[in-house]
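First up is the structure itself, then whatever we jot down about it.
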Amino acid sequence: MTAPSDIAEARTVLLTGATGYLGQLVTNRLRSAGWTVVPMSRNPGAGGVAFTLGQPVRAETLMGYDALIHAAYDFSLVSRKDINAINVEGSANLFRAAREAGIGKIIAI
């Protein structure tokens, strides 16, 4: 995987789903290319950002980052109502907060 040229200048990226299979691959590749990857998860640990898909996201917690890669998705949901509320609206809320925070590059996987 090669970093897209339009985000090549960004060096610090927030990554949702960082602990999943795809998120780990993305993290490893970006770090090997010199990026600083900041995981966003329910249990972010040191240096991460707390994030639960479907929960409110405050723009202030996303300020100071160059890019956001959103790779989180809750596959356990089965009803359209729950999928929409958590995955769709949760993603939309994250994107709005990222724009408010001034994040210039956003990628949704």
Side-chain angles (χ1 to χ4, degrees):
M1 176 174 97
T2 304
S5 60
D6 64 332
I7 65 169
E9 294 177 12
R11 287 289 164 211
T12 303
V13 61
L14 290 165
L15 176 62
T16 68
T19 59
Y21 175 75
L22 180 61
Q24 289 176 12
L25 293 175
V26 170
T27 295
N28 292 340
R29 177 61 185 106
L30 289 174
R31 284 186 175 155
S32 72
W35 291 63
T36 299
V37 178
V38 178
M40 293 182 70
S41 67
R42 287 182 296 261
N43 301 303
V49 173
F51 171 74
T52 301
L53 188 58
Q55 296 297 311
V57 180
R58 294 179 42 228
E60 301 85 51
T61 63
L62 308 180
M63 289 185 175
Y65 299 98
D66 300 303
L68 166 70
I69 299 175
H70 180 42
Y73 190 90
D74 188 342
F75 288 99
S76 70
L77 304 172
V78 293
S79 77
R80 280 188 192 264
K81 180 182 175 188
D82 291 341
I83 290 169
N84 188 63
I86 302 300
N87 291 314
V88 177
E89 290 301 320
S91 296
N93 290 337
L94 174 64
F95 299 146
R96 277 191 287 278
R99 284 288 178 217
E100 288 177 28
I103 295 177
K105 308 295 181 193
I106 299 172
I107 296 172
I109 299 176

>> Run Val13 and Lys105 through side chain to side chain contact (heavy atoms under 4.5 Å, CB included) and show every step you take.
In response: CA-CA 9 Å; Val13 61; Lys105 308 295 181 193; over 6 Å; no

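For the atom pair CZ (Arg58) and CG (Asn93), the distance works out to 14.5 Å, reported to the nearest 0.5 Å. Atom OG1 in Thr16 sits 4.5 Å away from atom NE2 in His70 (nearest 0.5 Å). Atom OG1 in Thr36 sits 10.5 Å away from atom OH in Tyr65 (nearest 0.5 Å). In this structure, the separation between CG on Leu14 and CG on Asp66 is 9.5 Å, given to the nearest 0.5 Å. To the nearest 0.5 Å, atom OG1 of residue Thr27 and atom CG of residue Leu22 are 9.0 Å apart. Here CZ of Phe75 is found 8.0 Å from CG of Asn87. Values are rounded to the nearest 0.5 Å.
Taking both residues in full, the closest heavy atoms of Arg31 and Val37 are given as NH2-O, 3.1 Å, listed atom of the first, atom of the second, then distance. Shortest non-hydrogen contact noted between Pro39 and Ala18 is CB-CB, 3.6 Å. In plain terms, the two heavy atoms of Gly17 and Ala72 that are nearest each other are N-CB, 3.7 Å. Pairing each heavy atom of Arg99 with each of Gly104, the nearest pair is NH1-O, 3.4 Å. Between Ala71 and Leu15, the closest heavy-atom pair is CB-CD1, 4.3 Å. Nearest approach of Gly48 to Val38, heavy atoms of both residues: CA-CG1, 4.1 Å.
For the 3.5 Å distance criterion, the side chains of Asp74 and Ser76 qualify, holding a donor opposite an acceptor.
Residues Leu68 and Leu94 form a side-chain contact, since some pair of their non-hydrogen atoms from C-beta on lies under 4.5 Å apart. Side-chain contact between Asn84 and Glu89 is present, with heavy atoms from C-beta onward closer than 4.5 Å. When side chains are defined from C-beta on, Arg42 does not count as touching Thr19, because their heavy atoms never get closer than 4.5 Å. Under the 4.5 Å side-chain criterion, counting only non-hydrogen atoms from C-beta, Ile83 is in contact with Tyr73. Contact of the Ile69 side chain with the Leu30 side chain is registered, since non-hydrogen atoms from C-beta on lie closer than 4.5 Å.
Note on Trp35 and Ile109: same hydrophobic cluster, where clusters join Ile, Leu, Val, Met, Phe, Trp and Tyr whose side-chain heavy atoms are under 4.5 Å apart, directly or indirectly.
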